[in-house]
Amino acid sequence: MPNNTAAKRIEVNGIVQGVGFRPFVYNLANQYDLKGEVANTAAGVSIHIEGPPEGIQAFETDLAAKCPPLAHVVEISGRTASVEPYAEFRIVKSRGQAQMATLISPDVSICDDCLSELFDPHDRRYLYPFINCTNCGPRYTIIDDIPYDRPGTSMRHFKMCAACQAEYDDPTNRRFHAQPNACAKCGPHVSFYDNHRKSITTADPIKTAADHIRRGRVVAVKGLGGYHLVVDAVNSEAVMRLRSRKLREEKPFAIMSADLKSIRKYARVGTQEEKLLTSIQRPIVLLQKRKPNPISPAVAPGNKYWGVMLPYTPLHYLLLKHGFSALVMTSANLSEEPIAIDNDDAFERLADIADYFLIHNRDIYLRSDDSIVKHTAGQKRTIRRSRGFVPIPVFLNHTVPPILACGAELKNTICLTKGDKAFLSQHIGDLENMITLDFFKLTVAHLQRILEIQPEIIACDMHPDYLSTRFAREQVETRIIEVQHHHAHIVSCMAEHQLEGAVIGLAFDGTGFGPDGTIWGGEVLVAEAKQFERVAHLATVPMPGSSAAIKEPWRMAISYLHATFGDNFRDLDLPLVKQIDQQKIKIIAEMIVKGVNCPQTSSLGRLFDAVAAIAGVRKRVNFEGQAAMELEMLADGRSDSIYDIQWTSQEPIKILPQTIIRGIVQDIQNGLSITEISVKFHQTLIVLFTEICATIRRNRDLNRVVLSGGCFQNALLLSGLVGQLEAHNFEVYAHRQVPANDGGIALGQALVAASIADAS
Ligand code: ZN
Ligand code: ZN
Ligand code: FE
């Protein structure tokens with residue numbers, strides 16, 4: 001044993017099992033001629049390493065810098081150990097308990113090595129649609145039990161052939177312990193069917209599917225986290241057919257293209273967007289449309305953006321190589337139902353939507369929709385956090401008890417906590433029907449099982465009619481903590497940034513239950529995890545017809561006009577007033593005056609709806625927030641001019657809308673364009689809320705501002721407010737990894753509940 005031999009014990013925590021970490025360590029040790037061993041432990045991976053100190057140092061540097069793509073290292077700690085000595089470096093079999101507490105990695109895109117093998121005629125997996133390795137392939141969606149081992153996944157039905165088994169057993173191989181490892185001889189395969197479930201014999205099911213898509217057919221394609229409905233994106237007739245069958249009139253469809261070059265023909269791809277598109281999560285990225293372009297306008301009507309993704313499974317690559325500039329790839333469901341994953345379920349539910357089915361026999365255990373991201377205000381912003389990201393936890397700066405947070409109603413996700421980690425589930429959907437509620441319950445049970453979490457507390461919204469709240473209230477054995485909707489929004493963003501103490505929170509969205517019986521949504525809170533105070537809000541106005549006012553923004557317009565001009569609004573020289581049937585206007589005005597079916601709301605989303613309707617964007621919407629979104633899209637250019645603003649001085653400050661509405665009506669009468677009015681309205685909100693924050697800063701000595709709520713999907717509002725607040729020396733925090741919309745709310749609920757439980 002040479003004198004200069006040193007030894008070290010290194011512990012690595014995070015997602016380091018089932019991701020090729022031990023072979024990586026093994027190869028690294030051999031590269032620097034080091035001896036010792038590596039083993040999985042309950043906390044992660046433990047390494048004993050010995051050899052020359054320079055070698056150990058180089059090893060440690062590479063360990064941190066070059067770890068496998070699927071690994072998510074949280075912490076590396078090292079300490080000096082005694083030299084044993086070891087004769088070689090070896091991978092020690094993981095102990096039974098070892099895998100129990102570890103994190104499961106998300107489903108990520110096919111890696112470059114597998115991709116080149118896929119198209120290599122000499123490779124034994126040439127054109128095999130299920131090629132994968134430890135660096136890529138399905139994970140979260142195929143697990144139904146722990147430990148994460150082949151018998152705990154849907155790959156248990158496939159026995160590896162000798163060649164696959166040899167790879168699986170060889171620590172130096174890229175497929176060492178790759179649970180979904182398979183080849184054409186032993187693994188899953190694709191097949192093609194018509195919508196009567198009649199098998200169609202073909203030597204190449206993928207090519208047959210491509211042929212039908214080219215002819216304008218709708219093909220249901222089974223993917224990684226569920227089925228997609230696929231049509232040729234340049235074929236308007238096919239896109240319209242899909243729209244009418246799916247009962248989805250105008251909501252944008254996502255599209256997929258083979259490579260960046262194809263995408264650049266119809267969309268603007270900056271450096272940041274390129275990074276997002278090519279990241280291993282392969283999310284849908286919102287990209288500005290390029291004009292002219294070959295894509296059917298019916299793909300994303302009234303929208304400045306396309307939702308675009310690159311292929312992420314080998315099957316996608318094989319489909320796209322048949323020469324499409326882009327394919328519509330939309331979740332296979334009837335409007336607002338969960339995406340289909342099961343073959344029987346798909347044939348039943350999609351028979352009237354799809355003409356053909358390209359299916360396979362590797363089961364999906366947990367559906368996972370495509371994630372959606374956008375680059376805004378200098379950062380990646382997550383709009384839907386699902387495939388590729390889930391179940392990576394949000395790391396907290398303190399430990400919390402095991403909690404289940406049930407989320408809100410729309411864009412529902414749930415959250416489970418364990419120690420210092422919060423696991424936000426994949427997108428579940430709008431909890432308005434039984435089928436989505438079933439999926440919600442399934443996800444709760446499934447995640448509790450694979451994460452081994454037995455909740456001691458259940459957190460939910462205060463809204464008594466949310467199905468998620470009702471579910472929580474049925475769990476009579478467990479302590480239930482109800483959390484105010486906008487408080488949860490703000491704390492969700494605080495959790496993501498690990499903020500403690502009190503902050504100024506701007507919570508802007510469409511709807512949230514207020515403890516005073518009104519509907520909140522334009523709220524300025526002074527909040528910390530345990531409690532909040534409502535310090536300012538938009539003055540309330542009636543919502544004529546309640547939820548009908550969400551679907552018909554013209555009703556909100558009437559409400560705001562009535563609040564501004566009284567009954568005289570009917571005499572205004574305003575296109576909106578002239579376009580609507582006078583009888584209808586009379587009924588709505590009476591409802592407002594008498595307070596019949598008119599809940600009061602302070603929602604900013606509804607103010608956006610009203611302004612959109614008054615400015616002539618649209619009177620009715622097909623999905624929530626459509627009018628507001630289109631108003632944003634119409635804004636162009638910059639303006640420093642704003643509408644007059646007015647608020648009451650006593651806390652809670654009430655922001656009075658009359659001056660804004662009056663200004664907009666005047667601008668319309670003076671012939672100002674919608675484009676200019678939209679810019680001016682956005683700018684008004686930005687100045688207004690910055691001034692409100694400045695007032696609160698003076699009163700409360702708080703300098704941190706946290707932005708949350710669905711309205712912050714509006715890029716103009718988000719980047720404008722961030723810029724203006726920072727210019728006034730505020731510390732500003734907006735969402736990045738967690739959605740600003742209700743998809744992020746479960747995280748906030750969990751942390752509020754943890755804080756309340758801690759205090760009691
Ligand atoms: Zn791979
Ligand atoms: Zn095989
Ligand atoms: Fe909300």
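Quick note: numbers below take in every heavy atom, side chains included, and nothing from hydrogens, waters or symmetry partners. One-based numbering, in listed order, for ligands and for the atoms of each. What you are looking at is a predicted structure, and each value in this text was computed from that prediction instead of being measured.
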Problem - Full working for salt bridge (charged side-chain N to carboxylate O under 4.0 Å, His left out) between R534 and D516 - result: CA-CA 11 Å; R534 189 191 198 195; D516 63 354; 3.3 Å; yes
Completion exercise
In this structure, the Zn ion (ligand 2) sits at the vertex of an angle between SG of C183 and SG of C161 that rounds to 10° as 100°
Hey, what do you get for [atom1] ([X]) to [atom2] ([Y]), rounding to the nearest 0.5 Å?
| X | Y | atom1 | atom2 | value |
| --- | --- | --- | --- | --- |
| L467 | D461 | CG | CG | 12.0 Å |
| Y312 | L224 | OH | CG | 6.0 Å |
| H682 | L721 | NE2 | CG | 10.5 Å |

Practice task
Using 2.8 Å as the cut-off, count the protein N, O or S atoms closer than that to the Zn ion (ligand 1).
Solution key: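 Total protein N/O/S atoms under 2.8 Å from the Zn ion (ligand 1): 4.
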Practice task
Please determine if R125 and E167 form a salt bridge, counting it only when a charged side-chain N lies under 4.0 Å from a carboxylate O.
Solution key: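 A salt bridge is present here (some side-chain N lies under 4.0 Å from a carboxylate O).
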Classify the ring geometry of [X] against [Y]: parallel below 30°, tilted from 30° to 60°, perpendicular beyond 60°.
| X | Y | result |
| --- | --- | --- |
| F508 | F689 | tilted |
| H486 | H489 | tilted |
| Y466 | H485 | perpendicular |

Exercise for the section: Check the side chains of N27 and Q31 for a donor-acceptor pair under 3.5 angstrom, ignoring hydrogens and angles. Expected result: no
Practice task
Find out whether the Lys NZ or Arg CZ of R606 is both under 6.0 angstrom from the six-membered ring centre of Y560 and within 45° of the ring's axis.
Solution key: no
Problem - In the protein, N/O/S atoms that are found under 2.8 Å from the Fe ion (ligand 3), waters not counted - result: H485 NE2, H489 NE2, D509 OD2, D742 OD1
